[in-house]
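For reference, the structure I am asking about is given below.
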Amino acid sequence: MKPASSNKNFNFDQSLALFSRAAKVIPEGIYGHQNPAFVLPGNCPYFADSAHGAHFRDVDGNDYIDFLCGYGPVVVGHAHPEVEKAVSGLLSKGVCFNHPGEIMVRLAERLTGLISIADWSIFAKNGSDVTTYAVRVAREFTGRKKIIIASGAYHGAHAWCTAYPGGVLPEEAANVRPIRWNRLDDLEKCVAENSGEIAGIVLTPYHHPTYTAQEMPADGFWEGVREICDTEGIILILDDIRAGFRLSIHGSHEVYGICPDLVCYAKAMANGHPIAAAVGRQKFREAAEQVFFAGTFWFAPAPMAAALTTLNILETGNAIAEMERLGIRLKTGLEEIGTAQGFRVTLSGPPALPYMTFDDHPDLYHIQIFCREMIARGVFLHPHHNWFLCAAHTDADIDETLEKAEIAFRRVKEEVGT
Amino acid sequence: MHPRPLAAEKLKAAIYLKAIFPLMADLAHADPHARGAVQGKRCVIQLEVKNGPAAYLSIDSDTVRHGIGRHPSASIRLLFKTPELLNRMFAGENIRPSLRKGFLHLPFLLKQFPVIADRLTYFLEGEGRHATDAETIKLRVSLGLHAMLAGMATIAAEDPSLENVAMATPEGTLLINVLPDGPFGTFSKLVTENGTEFSATFGQPIQSPNAMMEIADIDTAKRLIDGELNAITAIGLGREISIRGLLPLIEKASLFLYRFGKIMEV
């Protein structure tokens, strides 16, 4: 890929030097979703230094408006003073104990109060922890093995759900059946073909795969899913890890009219502090108690304080509405500027979590050049993953982004045409 | 040593026939020794595994072509009772398959054909690995890249353990290109009414690849093929290997390539 043109003279020398060091002692240098190959190798920062509000600085000293927000967790802004105060207040009393703190009970009470279907709540650290837990609860409850997911959906890095075959036993993959998102006919067929064997259906509230446009639920889709689950005795697990609490303080199922049995949360729950939660209806509690679930750090009180504070900020302020308003400005602005430059551009998904596609160019060359040019001008946009707005973004951030987008679109046109 | 399961042997035989055997055709064009061995000869050598994969080399004087499947009029037909026997022959063991056809070509089979096989061994595993002249290095890179691409396509099409990955691979063509003017080839997935097809081409120009992997120069390509360059690090740094375009195609292709390497090292 050509280097970006920018008058800011961004360079990534320190990032590249650190990556060279990392590659000697860490498999892949940087592993998983933060591997630079997933972004724009050679044309993006690899290591971060600090972040405040809606901005971050990389190890080369380059500053960016952050539209990835740590891949979603940062919802009220990096290093939010209220959240950090709550965390540091608890940290000063100790980090990891032999017993949970009182705060765990408060957080569980808070979640069961906020989320309509939640009669109980359980905590871990990452999304994978709780999606895997929910799958086990569904298997325990039904006595069945198989799980249905949507093709291209991400539910974590554990063996049952990873798209990568390394270290995965064939039987683990064999018990997971993919269907196409929004296709009730696919779901009906899959359930019929595996009659009496499906324990659970794991779906996200809307489809947010990588590399392609996001897809909103069609009319009747969720009602149809619920009906099939009820008829067949299948547990409906909602993976609300990516969108949870960014669209509604009561969970995304309230936005889309979904009636799940179990719901998984993580990312935006504690503004970047490590905590995940699974919640469920009373009827699954006995099965939940049969699934041994433990992790040394899962009871740490500080992230629970972060969660309580973040939820309070989201509930009492207008953060969620603001993210949507600014997301609409971003969507409208980018689509209009793109059109003016001769491109068909779409920002799909909810405004607070958009993903941009050049509709005539599914090969991704255009979006890669566009994001490269934006990054080189101090706006961090991911070419292959949905973006995230947070409550710290401002109209000025959107203005600056749109201003720079004009140049970036022009550069795309010069390099690969419309 | 534990015997390898039949399915694994069959897959390896398919790789030998579809990804390594064609290199003999490459050599017959590019290497003077191999070229000398086929000059003036006209025959079709068929290698096949009983109830398994088959491929052939069609030699017409100095033009040698590789083909997959059974040739309708092979002049020499070597039948291997099991895939394991074919694999052991490719691995250098002295295996004698059944000669089902081609007794008249025995002298060629016993004298000239082994010259090409020996030259292939020389470049892939022998002294040729240590050659420092530009021509040999370029030829080795060519052979290595061709084997990689054909191996990836074979794995994608035939490895049951990567069936889900193959299904999830997006349709399209990945161009792998050694800069500035080195060898190049493609790995493709095509979905038609008749089903899904994985294929590889080598040295055939392509207009609009859906994804591109560019290797900075021939030396980098040599280090990559010889296992001296960590591809993940090189891609991560974005200097020695650059990628762009339909990334999920590259991502899946890299899984097939990894598997190809693991199978060939056993």
Side-chain angles (χ1 to χ4, degrees), chain A residues 1-3 12 15-31 34-44 46 151-153 162-166 168-170 172-174 176-178 209-212 361-369 371-372 383-385 415-416, chain B residues 5 7-8 155-156 159-175 177 179 188 206-216 229-262:
Chain A
M1 180 172 257
K2 287 183 186 175
F12 306 107
S15 267
L16 292 166
L18 262 178
F19 185 75
S20 293
R21 278 173 56 197
K24 289 177 185 151
V25 290
I26 301 169
E28 295 188 71
I30 303 170
Y31 42 86
Q34 299 204 5
N35 185 293
F38 181 45
V39 193
L40 292 166
N43 288 287
C44 65
Y46 294 16
S151 297
T162 178
Y164 301 89
V168 177
L169 301 176
E172 284 170 322
V176 177
R177 298 298 160 101
T210 45
Y211 302 114
T212 54
H361 304 285
D363 287 348
L364 307 173
Y365 292 112
H366 287 65
I367 187 70
Q368 287 162 0
I369 296 167
C371 290
R372 180 196 73 195
H384 307 128
H385 191 285
E415 204 167 315
V416 285
Chain B
I155 296 276
D159 187 346
S161 73
L162 293 183
E163 198 180 344
N164 287 346
V165 177
M167 274 170 55
T169 303
E171 203 176 353
T173 296
L174 162 65
L175 170 67
N177 189 12
L179 297 174
S188 300
I206 173 171
Q207 280 296 323
S208 308
N210 305 90
M212 294 179 75
M213 176 183 287
E214 288 180 335
I215 302 170
L229 179 73
N230 183 316
I232 292 169
T233 307
I235 290 170
L237 286 167
R239 293 169 182 157
E240 292 174 305
I241 303 177
S242 73
I243 54 173
R244 62 184 186 275
L246 193 58
L247 235 60
L249 179 60
I250 299 174
E251 197 178 66
K252 300 293 187 289
S254 72
L255 297 173
F256 300 131
L257 178 58
Y258 172 77
R259 178 94 170 116
F260 170 62
K262 297 305 284 182

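Values in this document were obtained by computation on a predicted structure and should not be read as measured data. Labels below follow one simple rule: chain letters A, B, ... track the order of the sequence lines, proteins then strands, and each chain is numbered from 1.
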*CD-CD1 distance between A/E28 and B/I235, expressed to the nearest 0.5 angstrom*: 10.5 Å
*Smallest separation among heavy atoms of B/L246 and A/L364, with atom names*: CA-CD1, 4.0 Å
*Side chain, backbone, both or neither of B/E251 within contact of chain A (heavy atoms, under 4.5 Å)*: side chain
*Between B/L162, B/L255, B/L237, the one whose heavy-atom pairs under 4.5 Å with chain A are most numerous*: B/L237
_B/E163 atom CD, over 12 foreign heavy atoms within 6.0 Å_ = no
*Specify which of B/A211, B/S161, B/A168 makes the most heavy-atom pairs with chain A at under 4.5 Å.*
B/A211
*Straight-line distance of B/N164 CG to A/Y164 OH, nearest 0.5 Å*: 14.0 Å
_Between A/Y46 and chain B, with a heavy-atom cut-off of 4.5 Å, which part of the residue counts as in contact: side chain, backbone, both or neither?_
side chain
*Mind checking the CG-OG1 spacing from A/N35 to B/T233? Nearest 0.5 Å is all I need.*
9.0 Å
*Sort out for me which of A/P165, A/P383, A/G29 touches chain B most, counting heavy-atom pairs under 4.5 Å.*
A/P165
*Search all heavy atoms of B/I243 against all heavy atoms of A/A37 and return the closest pair with its distance.*
CD1-O, 4.0 Å
*To the nearest 0.5 Å, what is the distance between CG (B/L247) and OH (A/Y211)?*
4.5 Å
